[in-house]
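The structure appears below as structure tokens.
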Protein chains: 4
Amino acid sequence: MNGPDNLIEEIFEQSDELTEKQKKIILAAIQSFAEKGYASTSTSEIAKSAGVAEGTIFRHYKTKKDLLYSIIEPMLKKFIAPFVIKDMEKVLNEKHASFEDFLRAMIENRISFLSKNMLLFKILIQEIPFQPELKALFKEHIGTKVITRFTQVVEHYQEKGELIDAPPLTIIRLTASAIFGYLIVRNLLLPELDWDDQAEIDQTVQMIMHGIAVPKQA
Amino acid sequence: MNGPDNLIEEIFEQSDELTEKQKKIILAAIQSFAEKGYASTSTSEIAKSAGVAEGTIFRHYKTKKDLLYSIIEPMLKKFIAPFVIKDMEKVLNEKHASFEDFLRAMIENRISFLSKNMLLFKILIQEIPFQPELKALFKEHIGTKVITRFTQVVEHYQEKGELIDAPPLTIIRLTASAIFGYLIVRNLLLPELDWDDQAEIDQTVQMIMHGIAVPKQA
Amino acid sequence: MNGPDNLIEEIFEQSDELTEKQKKIILAAIQSFAEKGYASTSTSEIAKSAGVAEGTIFRHYKTKKDLLYSIIEPMLKKFIAPFVIKDMEKVLNEKHASFEDFLRAMIENRISFLSKNMLLFKILIQEIPFQPELKALFKEHIGTKVITRFTQVVEHYQEKGELIDAPPLTIIRLTASAIFGYLIVRNLLLPELDWDDQAEIDQTVQMIMHGIAVPKQA
Amino acid sequence: MNGPDNLIEEIFEQSDELTEKQKKIILAAIQSFAEKGYASTSTSEIAKSAGVAEGTIFRHYKTKKDLLYSIIEPMLKKFIAPFVIKDMEKVLNEKHASFEDFLRAMIENRISFLSKNMLLFKILIQEIPFQPELKALFKEHIGTKVITRFTQVVEHYQEKGELIDAPPLTIIRLTASAIFGYLIVRNLLLPELDWDDQAEIDQTVQMIMHGIAVPKQA
DNA sequence: AATGAATGAGTCTTCATTCAT
DNA sequence: CATGAATGAAGACTCATTCAT
């Protein structure tokens with residue numbers, strides 16, 4: 001849960017073979033895909049704003065879709081990476097005394113990650129519904145790996161008596177909704193507002209844990 | 001909060017002037033837009049699956065975008081209608097003894113509405129990011145009217161001591177996230193699962209109100 | 001073995017549904033394909049010389065290859081039609097006293113046909129080696145139907161003692177070579193020479209029958 | 001009428017300056033041109049199947065067409081070489097007692113040559129109609145030199161009373177048709193059949209000389 | 001109102017060719 | 001000599017839109 005969180009830079013560093021032009025293409029593609037959507041972005045437009053010839057794009061990516069995937073796949077994989085750590089369970093016991101600690105760590109980590117890669121995140125959620133291959137990839141990774149792992153965590157804290165006895169999937173859903181809801185509102189719907197991120201995260205964790213109702217006095 | 005919840009039918013009934021062909025066009029467009037996205041759907045495809053000539057579409061809608069808007073605008077307006085009732089406040093006092101009652105009523109009503117109009121909902125959330133006019137419409141209606149109204153409601157129950165003292169917008173965000181999160185997971189991400197809707201809604205309301213943590217013993 | 005020998009006209013008459021533009025497209029395509037070859041002819045070029053928009057071509061023919069086939073298939077079918085007459089054998093007995101009569105009739109008929117459709121014939125023989133579907137069509141029609149029928153004819157005259165006792169396929173090959181050789185030299189290789197067609201055909205028949213050697217004196 | 005009949009090898013031996021890569025390029029080009037046609041073969045494809053970089057092709061051949069010509073020209077020249085021997089006439093007198101002897105020698109020699117260079121032959125006959133320069137080259141060599149020479153030969157044997165009194169060009173046409181017809185049927189149209197080449201050649205010579213009709217009894 | 005042929009700008013992609021390394 | 005990234009013109013094909021019928 002560390003390292004250079006900025007995915008684009010990371011992709012660039014990882015692949016040393018990337019031409020300067022290739023980097024420009026990727027940057028331009030990310031910008032345009034996020035702004036107007038994959039289908040409404042033309043390759044000629046990408047080429048122009050990347051400052052390369054249109055043919056250059058197709059030298060590096062066989063098809064326009066290949067270009068999209070080369071952008072989204074690392075995003076997807078990197079996003080779920082932390083959840084796939086083999087011994088997540090143990091890590092939990094040692095590191096996080098309570099579910100709340102775990103939740104807070106998780107949220108801060110993933111929110112930081114997504115905030116730094118908002119354009120990629122936007123492309124990802126916009127295109128998943130329309131790209132069967134992406135959908136499959138998403139389902140496989142999120143559906144099997146992440147949810148399985150998370151279910152274990154939830155059950156672990158349920159056994160410890162910290163969490164209510166609701167179906168884990170429902171708990172996960174609410175938690176995830178709160179997180180993604182925050183990200184989407186904060187970055188995509190109302191980015192122009194002044195946000196006190198730390199306060200919002202605190203509030204969000206607080207509400208996930210204890211709801212919005214004033215607790216009944218004993 | 002009543003009437004024929006199915007928007008498409010309603011649109012058809014409302015506008016008596018709609019030709020039989022026009023209805024077919026709308027149905028075909030909704031189907032295709034939801035399935036492949038607005039940008040990836042061609043008018044010729046819509047015409048074919050509607051069983052009309054290409055020209056017929058443009059007789060009724062000046063442009064392809066007009067067709068999209070003619071579908072989405074009623075959706076958007078209908079969705080927010082309940083929130084804009086002038087005397088919502090009074091209605092509240094009389095009808096809903098507690099915020100939880102209000103919340104449950106609201107959720108059931110809107111979930112029922114969206115579930116019955118899932119295709120339209122999907123088109124709406126997919127296209128809003130890319131259609132500036134839609135975005136403006138959305139911000140104006142949701143941003144000003146709905147949030148304003150909802151803020152009043154939240155403040156009302158905060159004054160009654162039922163809700164915690166967090167910023168209303170944050171409370172609204174969490175509540176909305178939980179609802180939309182449920183809808184999206186249930187209808188778009190994992191529609192193939194067996195869902196006990198009533199149980200899920202109960203759980204969701206319960207968690208919004210009291211969180212997922214086991215309450216501390218007094 | 002009669003009727004309007006000009007295939008293009010016939011195609012036009014047969015298909016009453018052909019638009020005026022569609023006819024222009026076909027004529028332009030034939031011209032260009034024959035002149036520069038299928039692969040070296042661009043659709044934009046066809047469009048231009050047909051005086052239509054490029055899109056118009058694709059309204060009528062899904063692909064460029066479809067356009068090619070729509071031109072070549074009738075040609076191929078029409079060319080072999082006379083050989084597939086069911087009762088060719090009977091026809092022979094009645095009409096043609098000798099193989100030489102038959103041969104002369106056949107040659108004059110087919111040479112007349114091909115001469116009138118030289119462009120189509122040129123396209124046909126140029127494209128067959130490169131279009132697997134055409135090759136298959138050709139092999140099926142020529143290979144099975146025409147050769148089978150012709151073999152019967154040859155054997156018939158061999159039994160009558162008119163033809164030498166060589167393998168029918170070899171006899172057919174020499175005969176066909178002489179005919180196509182004449183056509184190709186006369187129309188494609190040396191069209192600028194002055195040709196006395198009737199004399200050439202007479203000579204050709206004469207040589208097919210008796211060779212080029214001076215017969216040995218008895 | 002001697003030497004290593006395989007043209008490709010000969011080209012390689014003759015030009016000692018040919019790089020190993022260059023040889024691979026030529027071989028790959030021949031293969032692809034014969035298979036899919038010149039216009040439908042891309043230089044990148046040739047480069048790939050030759051195992052060289054695209055640039056390498058253009059280091060040796062200024063243009064794609066240059067590559068084609070570098071392949072076809074030797075073919076054309078080599079093919080007609082035997083006919084251009086200055087004192088062909090004398091050679092004839094001495095070597096060939098009869099036209100039939102001459103014909104048989106000629107056929108066996110040229111058939112052997114073309115069979116060994118079938119791919120080149122195929123490229124030659126496919127491209128001649130579309131490459132004006134080739135066409136000119138062909139006409140000049142075949143049209144003037146070969147036909148002129150051959151006409152002399154035919155007239156020589158006509159004077160000796162061995163050949164009928166038809167126009168030499170017609171006799172040449174029939175003879176050439178029979179030869180090329182055999183080559184095309186045997187190698188390009190029906191290569192999958194079992195061919196007894198010697199028998200076929202014998203038959204062909206026989207038919208050229210005496211036709212297919214049973215000679216009338218004296 | 002409905003049609004569908006026609007359009008031509010625009011799409012993704014391929015290609016022959018160049019040139020710095 | 002050889003490479004392969006880069007080019008941009010051209011290719012086949014699609015599309016939203018128009019208009020005469």
Side-chain angles (χ1 to χ4, degrees), chain A residues 17-22 24-25 39-48 50-67, chain B residues 17-22 25 39-48 50-67, chain C residues 17-22 25 39-48 50-67, chain D residues 17 19-22 25 39-48 50-67:
Chain A
E17 317 111 20
L18 285 182
T19 319
E20 207 53 43
K21 304 239 169 194
Q22 208 164 345
K24 282 185 192 164
I25 291 170
S40 300
T41 300
S42 72
T43 50
S44 86
E45 193 188 331
I46 295 173
K48 197 178 291 174
V52 305
E54 209 171 344
T56 307
I57 294 176
F58 291 92
R59 166 155 295 277
H60 297 293
Y61 307 93
K62 263 169 72 86
T63 65
K64 187 186 167 193
K65 206 158 264 178
D66 275 6
L67 174 57
Chain B
E17 317 110 23
L18 285 182
T19 322
E20 206 53 43
K21 303 238 167 194
Q22 206 165 346
I25 291 171
S40 300
T41 299
S42 71
T43 50
S44 86
E45 194 187 330
I46 295 172
K48 194 184 290 173
V52 305
E54 281 204 64
T56 308
I57 293 177
F58 291 90
R59 174 151 300 278
H60 297 293
Y61 306 93
K62 254 169 72 91
T63 67
K64 187 187 168 192
K65 205 156 267 181
D66 277 4
L67 174 56
Chain C
E17 316 109 20
L18 284 182
T19 320
E20 206 53 43
K21 305 239 167 192
Q22 209 164 344
I25 291 170
S40 300
T41 300
S42 72
T43 50
S44 84
E45 194 187 330
I46 296 172
K48 197 178 291 174
V52 305
E54 208 173 345
T56 307
I57 293 176
F58 291 93
R59 166 156 296 277
H60 297 294
Y61 305 94
K62 261 169 74 86
T63 66
K64 188 186 166 193
K65 206 158 263 180
D66 274 8
L67 174 57
Chain D
E17 319 110 21
T19 321
E20 206 53 43
K21 304 238 167 193
Q22 206 165 347
I25 290 170
S40 300
T41 299
S42 71
T43 49
S44 86
E45 194 187 331
I46 294 172
K48 194 183 292 175
V52 305
E54 281 204 64
T56 308
I57 293 176
F58 291 91
R59 174 151 301 277
H60 296 293
Y61 305 93
K62 253 167 72 92
T63 67
K64 186 185 168 194
K65 205 157 265 178
D66 276 4
L67 174 57

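Since we're looking at a predicted model, the values are computed, not measured. A note on names: the letters A, B, ... follow the listed sequences, proteins ahead of strands, and every chain is numbered from 1.
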How close or far is atom [atom2] of [N] from atom [atom1] of [X], stated in whole angstroms?
X     : N      : atom1 : atom2 : answer
B:I57 : E:dG4  : CD1   : P     : 13 Å
C:L67 : F:dG11 : CG    : P     : 16 Å
A:K48 : F:dG8  : NZ    : C1'   : 13 Å

Closer to the 5' end of DNA chain E via nearest nucleotide, is it B:K21 or C:E20?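 Checking each residue's closest nucleotide, the 5'-ward one belongs to B:K21.
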Dot-bracket summary - DNA chain F, pairs being Watson-Crick or G-U whose distances fall under 3.5 Å, with | when paired to another strand: .||||||||||||||||||||
Whichever of C:K65 and D:H60 has its nearest DNA chain F nucleotide further upstream toward 5':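 The residue mapped nearer the 5' terminus is D:H60.
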Measuring from atom [atom1] of [X] to atom [atom2] of [Y], what distance do you get when rounded to the nearest 0.5 angstrom?
X     : Y     : atom1 : atom2 : answer
C:H60 : C:L67 : NE2   : CG    : 11.0 Å
A:Y61 : A:I25 : OH    : CD1   : 6.5 Å
C:S42 : C:K48 : OG    : NZ    : 8.0 Å

Side-chain N,O (C:T56) to OP1/OP2 (E:dT7) below 4.0 Å: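 Yes, such a contact exists.
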I'd like to check the side-chain hydrogen bond (donor to acceptor under 3.5 Å, both in side chains) partners of D:E54; sequence neighbours left out, ordered by chain and number.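 D:E54 satisfies side-chain hydrogen bond (donor to acceptor under 3.5 Å, both in side chains) with no other residue.
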Mind listing the N/O atom pairs, protein and nucleotides 14-16 of chain E, below 3.5 Å?
residue	atom	partner	partner atom	Å
E:dA16	OP1	D:T41	O	3.3
E:dA16	OP1	D:K64	NZ	2.8
E:dA16	OP2	D:T43	N	2.5
E:dA16	OP2	D:T43	OG1	2.8

